[in-house]
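Some notes on the structure that comes next.
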Amino acid sequence: MKTRIFTLVFTFAFTFTLIAQITISGKVLGRNNKPLKDVSVTLRDTYDGATTDETGNYKFETSEKGSQTLIFSHPKFIEIEKSIQIEDKNLILNAELKESVSEIDAVVISAGSIEASDKKRATTLLTPIDVYTTAGANGQISSALETLPGVQKVGESEGLFVRGGTGTETKFFMDGNLVNNYFGNSVPGIKAMDRLNTSLFKGNVFSSGGYSAVYGQALSGVLALESIDLPERNAADFGISPIFASGGIQRVNQEKTHSYGISLGYSNLELMQKILKFNTDFEKAPQNFGGNGNFRIKTSRGGFIKYYGSYDTSSMKLSSPNLDDETSSDKINQNGKNTFHSLSYREKFGRYTLNLGSSYTYNQNILHFSNVDQNGSSPFNNDIDSKGNYFNAKALIERKLFKISAIRAGIELNTTKEETWVSIAQKNYEFRDDITSLFTETDLGMSNDLSLKIGARAENSSSINRWNFSPRFAMAYRISKEWTSSLAYGTFFQNPESRFFTENYQPNYQRADHYIFQVQRAADGRSLRLETYYKKYQDLIKTTTDFYRPIALNNNGSGYAKGIELFWRDKKSLKNIDYWVSYSYLDSKRDYLNYTESLFPNFAAKHTLSFVAKKFVTNWKTGFNISYNYNSGRPYYNFVTENGNTVLKNQGFVKDYQAVNFSLNYLPNLGKKDARAFTVLVLSINNVLGTKNEFGYNFSSNGLKSRAIVPPTNTFVFIGAFISFGTDRTQEAINNNL
């Protein structure tokens, strides 16, 4: 649901103000003045940089100012550094590199991962500006990732559904810290949006399998987000649309050693409910109020201390006809609140890098369920009040070995304390868990064409009262100059969800083993990635029901997921057009929860296809973005209890999912000199053609009647204006990005 669109789309304008204006370019030569290709040129301690082309030329934009260090590096040549002074003029800086006889021309391990924050990796795919300009993503990282291979498009439940895994099998991290409740509070059948804004981050690493031993408690994948260090300048921003109003300030000192910022926002869908046709009957339109704050401190050694904190509230009330008695209505009243805090510290000590971090989350979601008959009385009422306190702490130390190898090790602690009051059972369910994790990992450059990553992780959960051990291994091999291959294996464990634990039964860890093989090519502004995988599930939870509450019965569930994925991105073939195509084929079966047999999971589709294209027309000061999403029909199942046994009463497939999305961004002040205010006007239309998509079915108690689970509205239109007060620094934002 779009209750948080005010914070997500508003940051699009703010992102433009943060992206660079100054262009740094030049030429890199080797022996006999021969142009050098694939030389990495970066600013120290930033994500700004480029790679030289076949003629040895490089060019990139940066928002950094003052004294900086430009680094020229290539595995076959001696790395050099050049001190530069960045002011208000473009810089041209050439360099000459000498060959190295001791360094290894290593390849980078990338099986199963997509990393947008590290330009040196061939799997660099999505940047923050990509997220904002992906039509239909609404500025959300999770929605933009749904256009990539391996990620399912699920519209009725939050989470990243990766390669046949449930939404709970993907975990989220900010600056290394675990983010609990990454998505907003919601009601059954309506998907909540991301809580964290894309503008907070300078990059992300999305791993769809075979991920690092640094992360755990995720059977399918992890999304690791890294926040920006310091803003480029002071700014004040304001946004308004028919559904929200928001504003914020960001301040940085002149020496660029510390900054702070705050923002507030309020949204309400009541007006849009009157303008658009909604499928969901909201008796009270979804509304949200929230705010966040941050500070960042650059240490004398060049490290950073970062803090981010947020608070939000949400509420809605909806009604739908009862399937067993059409004269009565089922109503859900939702109220929730959440606060999240993240604190991290990163510092370099010679060859060692120390990372310390912690996060805390408090979340409460109150759901009141009732059945109201035609006389207005409520024969059925049930309140579920869920409260959770979550604390995460991690310490990691890394040591560089030579130029291309490294070893790292650390410890992680997670504490969970939850209480859930269920009025129909007149019982308060309590859950407490403390997880201690130890991990170590090494990157090894073995030869010019071979690299290895070997790691292991061990975890102990107090609720399960036993240890697990997870080996991890990956290998990368260079097939040719432009082609590389990767192989990855890993064992992954995850605790069952807390709601399945009871006083009489504490389930065991759930397990998944990943096997991944990948080949990819990245050159000349084009990227091609082919990947196949096999994932084996063991010890999945089987459940029964107690007072409408699912509880664990045993760990006898199992399953598998296997598939083939293709990704193609092209920024060069079509003039000033950036586009990508992704396709996934999934074969999967699961016997878990209340499934009576091994079945294709109801949240997954066999075939998934996405197409994304974007173009910025400078003369019109407008960016045009379009996307198309397709999923083959997902299965649905209706399980009922007959004579004490669970029986599969109905099953089938919903129709194929299709959606064409469009957005445009108009920048009226683009190119104006001495502009004190910069405005962005945004129009976005999700599902332009109004396709009536379905996600599944709800059934009556006897299984004879059903109703499709559909999105709150078939087509959603958003119009907004965003103003940033300060110097116009947007011209370079469109170059090489849109």
Side-chain angles (χ1 to χ4, degrees), residues 11 13-24 41-50 60-72 80-93 117 128 174-176 197 199-203 225-237 247-263 292-309 341-350 352-357 674-678 724-733:
T11 51
F14 186 64
T15 300
F16 271 103
T17 69
L18 296 179
I19 299 180
Q21 181 185 18
I22 300 304
T23 299
I24 300 178
V41 186
T42 59
L43 285 176
R44 183 191 295 279
D45 297 326
T46 75
Y47 283 77
D48 299 333
F60 66 92
E61 292 79 35
T62 182
S63 60
E64 301 294 331
K65 290 296 180 67
S67 298
Q68 301 290 336
T69 301
L70 196 60
I71 302 173
F72 298 80
I80 65 171
E81 300 179 358
K82 290 181 176 288
S83 297
I84 60 175
Q85 186 70 26
I86 304 178
E87 296 177 344
D88 295 326
K89 295 182 180 180
N90 296 337
L91 294 178
I92 299 177
L93 193 68
S117 62
M174 176 178 181
D175 295 328
N197 298 338
S199 64
L200 291 170
F201 307 105
K202 58 184 177 183
L225 302 159
E226 186 171 359
S227 66
I228 63 174
D229 292 334
L230 289 170
E232 188 267 333
R233 62 182 182 89
N234 294 333
D237 299 270
I249 62 170
Q250 193 73 44
R251 293 290 181 264
V252 59
N253 68 330
Q254 188 173 0
E255 294 77 17
K256 295 291 184 67
T257 58
H258 66 265
S259 70
Y260 68 90
I262 59 172
S263 66
N292 62 73
N294 67 80
F295 69 77
R296 306 176 181 97
I297 301 173
K298 187 174 184 179
T299 68
S300 58
R301 290 177 173 266
F304 274 94
I305 300 172
K306 301 179 183 179
Y307 165 79
Y308 172 81
H341 304 270
S342 174
L343 180 65
S344 64
Y345 169 64
R346 183 184 77 239
E347 193 74 86
K348 289 184 179 181
F349 301 93
Y352 292 88
T353 300
L354 176 66
N355 288 274
L356 301 175
D674 302 322
R676 295 185 178 182
F678 168 60
S724 175
F725 300 95
T727 305
D728 181 358
R729 297 181 180 277
T730 61
Q731 178 64 55
E732 298 301 330

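With rounding to the nearest 0.5 Å, the separation of OG1 in T69 from CD1 in I84 is 8.0 Å. Here the CG atom belonging to L343 is positioned 9.5 Å from the CG atom belonging to L356, to the nearest 0.5 angstrom. Within the model, atoms OG of S227 and NZ of K202 stand 7.0 Å from one another, a figure rounded to the nearest 0.5 Å. Note: I86 CD1 to K65 NZ = 8.5 Å, rounded to the nearest 0.5 Å. The line from OH of Y308 to OG of S344 is 13.5 Å long, rounded to the nearest 0.5 Å. Taken from CD in E255 to NE2 in H258, the straight-line distance is 8.0 Å, to the nearest 0.5 Å.
In this structure, the side chain of R346 does not engage the main chain of K306 through any donor-acceptor pair within 3.5 Å. Under the 3.5 Å distance criterion, the side-chain polar atoms of N294 are left unmatched by any main-chain donor or acceptor of Y307.
Counting heavy atoms from C-beta outward, N90 and I22 have side chains that approach closer than 4.5 Å. Side-chain atoms of I228 and L200, non-hydrogen and from C-beta on, never get closer than 4.5 Å to each other. Under the 4.5 Å side-chain criterion, counting only non-hydrogen atoms from C-beta, I305 is not in contact with E347. Using a 4.5 Å cut-off on side-chain heavy atoms (C-beta onward), D237 and Q250 make no contact. Here the side chains of P231 and R296 are in contact, with some heavy-atom distance below 4.5 Å. Side-chain contact between V41 and I24: absent, with no pair of heavy atoms (C-beta onward) separated by less than 4.5 Å.
Within 6.0 Å of CZ in F349 there are more than 12 heavy atoms belonging to other residues, nucleotides or ligands. Atom CD of Q85 sits in a crowded spot, with more than 12 heavy atoms from other residues, nucleotides or ligands closer than 6.0 Å.
The nearest pair of heavy atoms linking G49 to F60 is O-CB, 3.4 Å. Taking each heavy atom of N234 and R251 in turn, the nearest pair found is OD1-CA, 3.2 Å. Here the shortest heavy-atom pairing between L93 and K82 reads CD2-CD, 3.7 Å. Taking all atoms of both residues into account, the shortest heavy-atom contact from E226 to D175 is CA-OD1, 3.5 Å.
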How far apart are the C-alpha atoms of L91 and L70, what are their side-chain angles, what is the distance that settles it, and do they pass the side-chain contact (heavy atoms from CB on, under 4.5 Å) test?
CA-CA 12 Å; L91 294 178; L70 196 60; over 6 Å; no

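Residues D229 and K298 are not paired through a salt bridge, judged by the lack of any N-O separation under 4.0 Å between the basic side chain and the carboxylate.
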